[in-house]
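All residue numbers refer to positions in the sequence shown, counting from 1.
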Amino acid sequence: MSEQSFSHVDGDGKLLMVDVGHKTPSRRVAEAHCVVVTALDINSLPVSPQGFEPVVAARLAGIHAAKNTSQLIPLCHPLSLQNVSVEVLAHSRGAEVHSTVVTVDRTGVEMEALTACSYAALSLLNSLLMLDPRASIEDAEVVSKSGGASGDWVRRADEH
């Protein structure tokens, strides 16, 4: 392993929350996506007689999760989010979940974007497993970020 160290570990190997107090707030955006692999057609999922729609529930779960990321992931900073968008779209392998998270703060929102996408996928999977017990979640990844000292970044198509 290289001599790089994790940002959440001090020189003595103790876990720590990174001090971002010295940073200037800036607009930060992160996008993430994952794939829910299923044999089912996402555009033809049944709606319950009470009106439950799995895709709508998944989007709501993703938005709610992004807003609560610091409570779900240890050492993650609580952030004021300006926008969270979660989309569930038909995909050749089932469904693609795409999230975009925006803040004006001292640290990025990559974890919030991944959390939104992952929890939306989990919510959708929860609805699908009775109909397709082989359904799964794959390829959760940050696809882009902007803002902050490290600048902008976009995942190339050949990076996985």
Are any non-hydrogen side-chain atoms of Leu45 and Leu128 less than 4.5 angstrom apart? yes
Side-chain contact test, heavy atoms from C-beta onward, threshold under 4.5 Å: evaluate it for Val20 versus His77 and give yes or no. yes
If you round to the nearest 0.5 Å, how far is CD of Gln71 from CD1 of Ile73? 11.5 Å
Heavy-atom count around His64 NE2 within 6.0 Å, excluding the residue itself: above 12? no
So how far is it from Glu112 CD to Thr107 OG1, rounded to the nearest 0.5 Å? 8.0 Å
Ser118 OG to His33 NE2 distance, which is reported to the nearest 0.5 Å: 11.0 Å
Ala116 versus Val86, closest heavy-atom pair with distance: CB-CG2, 4.1 Å
Is the backbone N or O of Asn43 less than 3.5 Å from a side-chain atom of Asp41, with the two atoms forming a donor-acceptor pair by type? yes
Among Ile42, Leu40, Leu124, Val88, find the residue that satisfies the side chain to side chain contact (heavy atoms under 4.5 Å, CB included) test when tested with Pro54. Leu124
4.5 Å side-chain heavy-atom contact, Val37 and Ile137: no
For Ser150 and Lys145: C-alpha separation, side-chain torsions, deciding distance, then whether side-chain contact (heavy atoms from CB on, under 4.5 Å) applies. CA-CA 10 Å; Ser150 61; Lys145 65 147 299 264; 3.0 Å; yes
Under 4.5 Å between any side-chain heavy atoms of Leu81 and Val101, yes or no? yes
Out of curiosity, Ser70 OG to Leu72 CG, how far, rounded to the nearest 0.5 Å? 8.0 Å
Is the closest basic N to carboxylate O distance between Asp132 and Arg134 below 4.0 Å? no
Please assess Val56 against Arg59 for the test side-chain contact (heavy atoms from CB on, under 4.5 Å), listing each intermediate value before the final yes or no. CA-CA 5 Å; Val56 173; Arg59 291 182 61 233; 5.7 Å; no
Tightest non-hydrogen contact, residues Val36 and Ala121, listed as CG2-CB, 3.7 Å
Flag side-chain contact, heavy atom, 4.5 Å: Cys34 against Asp139: no
Does any non-hydrogen side-chain atom of Val142 lie less than 4.5 Å from one of Glu31? no
Find out whether Pro25 and Lys23 are in side-chain contact, i.e. whether some heavy atom of one side chain is under 4.5 Å from a heavy atom of the other. no
Are there more than 12 heavy atoms of other residues, nucleotides or ligands under 6.0 Å from atom CZ of Arg93? yes
How about Ile63 and Tyr119: do any of their side-chain heavy atoms sit closer than 4.5 Å? no
Looking at Arg28 and Asp105, would you say the former's side chain and the latter's main chain have a donor-acceptor pair under 3.5 Å? yes
Count I, L, V, M, F, W, Y as connected when their side-chain heavy atoms are under 4.5 Å apart, and connections chain through other members. Are Leu60 and Val97 then in the same cluster? no
Is there a donor-acceptor contact under 3.5 Å linking the side chains of His98 and Glu87? no
Would you check if the side chain of Thr103 reaches a backbone N or O of Ser80 as a donor-acceptor pair within less than 3.5 Å? yes
At their closest point, which heavy atom of Gly108 faces which heavy atom of Leu79, and how far apart are they? O-CD1, 3.5 Å
Is there a path of hydrophobic side-chain contacts, each under 4.5 Å between heavy atoms of I, L, V, M, F, W or Y residues, that connects Val84 with Val102? no
Between Thr69 and Cys76, what is the shortest heavy-atom contact and its length? CG2-SG, 3.8 Å
Rounded at 0.5 Å granularity, tell me how far CG in Leu122 sits from OG in Ser127. 11.0 Å
